[in-house]
2 protein chains.
Amino acid sequence: MSRRPYHHGDLREALVAAAQAAVETSGPEALSLRDLAQSLGVSTAAPYRHFPDRRALLDEVAARGFADLDAAYRAARAGAPNPRAAMRETARAYLNLAFSRPGLFRLMFASDALGVDASPALLAAAGQAWESLYAAARAAEPDADLAAVKRRAITGWSTLHGFITLVQGGRLKGFMTEPLSEAELLEAVLDKSLGEG
Amino acid sequence: MSRRPYHHGDLREALVAAAQAAVETSGPEALSLRDLAQSLGVSTAAPYRHFPDRRALLDEVAARGFADLDAAYRAARAGAPNPRAAMRETARAYLNLAFSRPGLFRLMFASDALGVDASPALLAAAGQAWESLYAAARAAEPDADLAAVKRRAITGWSTLHGFITLVQGGRLKGFMTEPLSEAELLEAVLDKSLGEG
DNA sequence: CTCCGATATAAGCGCCGCTTACATTGTGCG
DNA sequence: CGCACAATGTAAGCGGCGCTTATATCGGAG
């Protein structure tokens, strides 16, 4: 049951890689299976041998994005001197994904068709990333009530995520004026995400 | 230069109304100008006499959404006993729009093509809603530094917005378990949005 | 009443996701 | 070894989309 070269070589993997690149440069909205197929030199029907539909291919790309995010979380924790610093680095890892690969980030968190009915693999990958985040939060406050920690983790994540979303949607254009720069605000958001309450 | 019935009888207004309804029931992604035209009994080319493209019609719907939001903000402030309560009611108005008209909310804040290049009318409407929010925040803390107030307004908005986005994207499904209910979390998010820091 | 500009239409272009019917090819089994 | 078969690929086509062009209709200004 080898998965080696048939006609193309490993079209499935090539599709995912090309889709990943396209998502990161032009966003998930712009991805066209016909384009993709043509750019890989196969017929427009070929992708359907490997993915039931467009959404399934995007789900695979998103799942790999969550795996990357999870890896970044773990690296952040591993490289930090203490649990508190680990939380801050974890937040920075999230910001980094959002701003360095905005198309992928949008796919992962704002997929047009609301990912509620997403594939099990995608849900598992997203769940794994959350577990890493939650574990870091628990380590930072080992003596606190678990519900309180979870509450703080979710509200903190919300703050970070909301800021990113508003900035990337252009909804803060013109409001971050004069005394406030985007960089300064970002630090304030980080503080609030990890902050006191 | 009256704008009364020609062939159809104010197709422009009918288009906006139908688009509004479609956006609220099925989300902005699902809106099709051809569908819309057919459901209004006109040819598929007719809408293009009133809007240069699909995006322009959606922009108009979004702008009206921002006008609604602004009105809700003002009503919240007017009905509150003190500036502090006004802020909380303002936040509830935002939540209310998000959860009672999620399709419209998605159009306003997650429009597929990132609304950076949006029409002036849309930007003006969005700016007006922000100004109302900012004014309420200033009234709640009349003696504070303006930059600090703005910082708090933006981070608070971010918290609220992020939570909504994560919930509506299904990204918190399964994480709000056991000791935490969605309603309870919502209160925590509200607290943090308005909160101490 | 006539003419003009605003409004609507019919037809069509190129693109899309996806399906069906058929061709090719590598692999495992008698 | 050879053959059937499943996995992989193709060509062609369906219906739908946004949008454009050329043409028809209609209401109001002169």
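To find a chain, count down the sequence lines: A is the first, B the second, and so on, and within it residues start at 1. Here the structure is a predicted model, which is why all the values come from computation and not from measurement.
One can place CG of A/Leu11 at 8 Å from P of D/dT10, the figure rounded to the nearest angstrom. One interatomic measurement links the two molecules: CG of B/Leu57 to P of D/dC17, which rounds to 15 Å at whole-angstrom precision. Spacing between atom CZ of A/Arg49 and atom P of C/dA21 amounts to 12 Å, rounded to whole angstrom units. Here the P atom of nucleotide C/dT7 and the CZ atom of B/Arg12 are 11 Å apart, to the nearest Å. Straight-line distance from the CG atom of B/Leu33 to the P atom of D/dC19: 6 Å, rounded to whole Å. Separating the CZ atom of B/Arg34 from the C1' atom of C/dC15 is a distance of 12 Å, rounded to the nearest angstrom. Straight-line distance from the CG atom of B/Leu36 to the P atom of D/dC17: 11 Å, rounded to whole Å. As rounded to whole Å, 14 Å separates atom P of C/dT9 from atom OH of B/Tyr48.
With DNA chain C read from its 5' end, the first of the two nearest nucleotides for B/Gly41 and A/Leu31 is the one closest to B/Gly41. In terms of position on DNA chain C, the residue among A/Asp35 and A/Pro52 whose nearest nucleotide sits closer to the 5' end is A/Asp35.
Taking every heavy atom of both residues into account, A/Ala62 and A/Leu107 meet most closely at N-CD2, 3.7 Å.
Comment: B/Arg88 engages B/Glu187 in a salt bridge, judged by a side-chain N to carboxylate O separation of less than 4.0 angstrom.
For A/His50, no side-chain nitrogen or oxygen approaches OP1 or OP2 of D/dA7 to under 4.0 Å. Here B/Ser32 reaches the OP1 or OP2 of D/dG18: one of its side-chain N or O atoms lies under 4.0 Å away. Look at A/Ser43 and you won't find any side-chain N or O under 4.0 angstrom from OP1 or OP2 of D/dG9.
In this structure a side-chain-to-backbone donor-acceptor pair under 3.5 Å is missing from B/Arg77 to B/Ala72.
Which of C/dC16, C/dT9, D/dT10 sits closest to the side chain of A/Ala45 comes down to D/dT10.
Taking the six-membered ring for Trp and the full ring otherwise, B/Tyr94 and B/Phe105 have centroids separated by under 6.0 Å. The six-membered or imidazole ring of B/Phe109 lies near that of B/Phe66, with a centre-to-centre distance under 6.0 Å.
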